[in-house]
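Below: one structure, written as structure tokens.
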Amino acid sequence: MSHNFDELIPRRGTNSYKWDSAADADLLPMWVADMDFRTAPPVVEALRRRTEHGIFGYTRVPDAYYESVIRWFSRRHGWKMDKSWILYTSGVVPAVSAVLKALTRPGDKVVVQTPVYNCFFSSIRNNGCRIASNPLIYENNAYRIDYGDLERKLSDPEVKVLLLCNPHNPTGRVWTREELTLIGNLCLRHGVTVISDEIHGELTYPGHVYTPFASISEAFLRHSVTCISPSKAFNLAGLQIANIVSADEEMRRRIDKAININEVCDVNPFGVVATIAAYDEGEEWLGQLLDYLKANYECFRNFCRTSLPDFPVVNLEGTYLAWMNCRALGIASETLERRLTEEAGLRLNAGTVYGVEGEGFMRWNIACPRTILLEGLKRFAGFVQSEKRMLP
């Protein structure tokens, strides 16, 4: 079956956080990380059947749910989980916050690799912990890990956790097995637990393979916690469901307690049904989605090479979030975000949301029909031209 990702599906007036947060009906939002595509038809059909029942009481998560998760990760990623390792919750951000609560005490330090997903910062601070930044090295239009700095940060006895983003948001890196092994060995050496946010794991492009951190070795499995969800790959964020995977029984007990303390121990019936349908029947749709997203990235990069040569786009290995170097404008990222919104009718994410290392960058969400993508690029190019005309 062929799926039409070029279809323009109106989202205004649906209480979309992405599309309805601004009063200006002409504003083009390319910021919030959800997609402008309908999810896989088997998911829609499963939800339709569930809705027709008409009763939406408290939900028991069935064995079929765990079996779907386990089959998916075994089949696609060679990671064989045990049902007892899986704790469900309402989202990956609540999952990360609950795991931090379980594994740290106020005042502890948590290492993050910046620029990185902005909710990492709030989750750390909300648990009374301190941020220890291991800035990624930006060169040749790509990012790599500074292992020397990472080891210095991990050797601090106040550091208890490394919060890993795998694949990485916003840089689009898909960490290789070798890179993850180096990270894991350093963490083992210094007694630091890895919490791995792997929500973008399915969104990788040819030549790049997502490796679940915990799948690499028994030692990594026992000294890590993995947070996963079908929400990014299948556009299900509003259904509020995710899983925490922990093979260590004592660690899992503490996490389960933290989930209950944070009151994120319940999920809704639609999230359960959608997860089962996505993992059991959504693989064909996902394959076509990845082809379309890859073509969108090529379109984006080619446009920039031709019409915006001073604005290189970081090599995108995974996710649907393009990271653009806008330093040529000489405008602070937060100011550029505001001015693009006001003057070009284009909403992007300022790079500094992801840490000071993001200054001069903007994050684009390219998970949209290609006509919308090109319209956004044309608006950005128009803004650049107007800036050039203002120069003396």
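Hydrogens, waters and symmetry mates are skipped; everything else that's a heavy atom, side chains included, is used. Starting from 1, each residue takes its place in the sequence as its number.
Heavy atoms only, all atoms of each residue included: L373 and C368 are closest at N-SG, 3.7 Å. Across every non-hydrogen atom of R363 and L348, the tightest pair is O-CB, 3.8 Å. A pairwise comparison of heavy atoms in R254 and L103 identifies NH2-CA, 3.7 Å as the closest pair. Contact between S224 and M251 at its shortest, heavy atoms only, is O-SD, 4.2 Å. Minimum heavy-atom separation, S333 to G358: OG-O, 3.7 Å. The two residues M35 and A367 have their closest heavy-atom pair at CG-CB, 3.3 Å.
With sequence neighbours excluded, the residues satisfying ring-ring contact (aromatic ring centres under 6.0 Å, His included) with W31 are Y17.
Counting non-hydrogen atoms of neighbouring residues, nucleotides and ligands closer than 6.0 angstrom, the CG atom of N15 reaches no more than 12 such neighbours. No more than 12 heavy atoms of other residues, nucleotides or ligands sit less than 6.0 Å from atom CZ of R105.
Side-chain contact between L87 and R252 is present, with at least one heavy-atom pair separated by less than 4.5 Å. When side chains are defined from C-beta on, D146 does not count as touching P135, because their heavy atoms never get closer than 4.5 Å. The shortest side-chain heavy-atom distance between P230 and W72 does not fall under the 4.5 Å cut-off. The side-chain heavy atoms of L293 and Y205, taken from C-beta on, include a pair separated by under 4.5 Å. Looking at heavy atoms from C-beta onward, N325 lies out of side-chain contact with V314 at the 4.5 angstrom threshold.
The distance from the OG atom of S123 to the CG atom of L100 is 6.5 Å, given to the nearest 0.5 Å. Going from atom CD of E357 over to atom CG of N134 covers 9.5 Å, rounded to the nearest 0.5 Å.
Checking each of Y354, F311, Y138 against F361 for a ring pair (Phe, Tyr, Trp, His ring centres under 6.0 Å) leaves exactly one that passes, namely Y138. Checked against F120 for a side chain to side chain contact (heavy atoms under 4.5 Å, CB included), the options L164, N169, V112 give a single hit: V112. Tested against H168 for a side chain to side chain contact (heavy atoms under 4.5 Å, CB included), the candidates D197, T319, I145, L136 yield a single pass: L136. The only member of D149, V111, I183 that meets side chain to side chain contact (heavy atoms under 4.5 Å, CB included) when paired with L154 is V111.
By the 4.0 Å N-to-carboxylate-O rule, R189 lies close enough to E151 to be salt-bridged with it. The existence of a salt bridge linking R130 and D156 is excluded, since no basic side-chain nitrogen approaches an acidic carboxylate oxygen closer than 4.0 Å. Taking the charged nitrogens against the carboxylate oxygens, E298 and R301 do have a contact shorter than 4.0 Å, which makes a salt bridge. Salt bridge annotation for E202-K232: absent, with no cationic side-chain nitrogen under 4.0 angstrom from a carboxylate oxygen. A salt bridge links E45 with R49: the closest approach of a Lys/Arg side-chain nitrogen to an acidic carboxylate oxygen falls below 4.0 angstrom. With salt bridges taken as basic N to acidic carboxylate O contacts below 4.0 Å, none links E249 and R253.
Although no hydrogens or angles enter the test, the distance criterion places a donor-acceptor pair under 3.5 Å between the side chain of N127 and the main chain of S97.
Using cut-offs of 30° and 60° on the angle between ring planes, the pair F56 and F270 is tilted.
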Tell me which donor-acceptor pairs under 3.5 Å the side chains of residues 275-290 have, and how far apart each pair is, sequence neighbours excluded?
residue, atom, partner, partner atom, Å
T275, OG1, G271, O, 2.9
D280, OD1, S68, OG, 3.0
D280, OD1, R71, NH2, 3.0
D280, OD2, S68, OG, 3.1
D280, OD2, R71, NH2, 3.3
E283, OE1, R75, NE, 3.1
E283, OE1, R75, NH2, 3.0
E283, OE2, R76, NH1, 2.9
E284, OE2, M1, N, 3.0
Q288, OE1, H3, N, 2.9
Q288, NE2, M1, O, 2.5

| said: Please evaluate residues T226 and E198 with respect to the criterion side-chain hydrogen bond (donor to acceptor under 3.5 Å, both in side chains), reporting the C-alpha separation (whole Å), side-chain torsions for both, the decisive distance (0.1 Å), and the verdict. | reply: CA-CA 7 Å; T226 304; E198 303 192 354; 4.6 Å; no
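Within the structure, side-chain hydrogen bond (donor to acceptor under 3.5 Å, both in side chains) pairs that include any residue of residues 54-67 comprise D63-K83, Y65-N243 (at least two apart or interchain).
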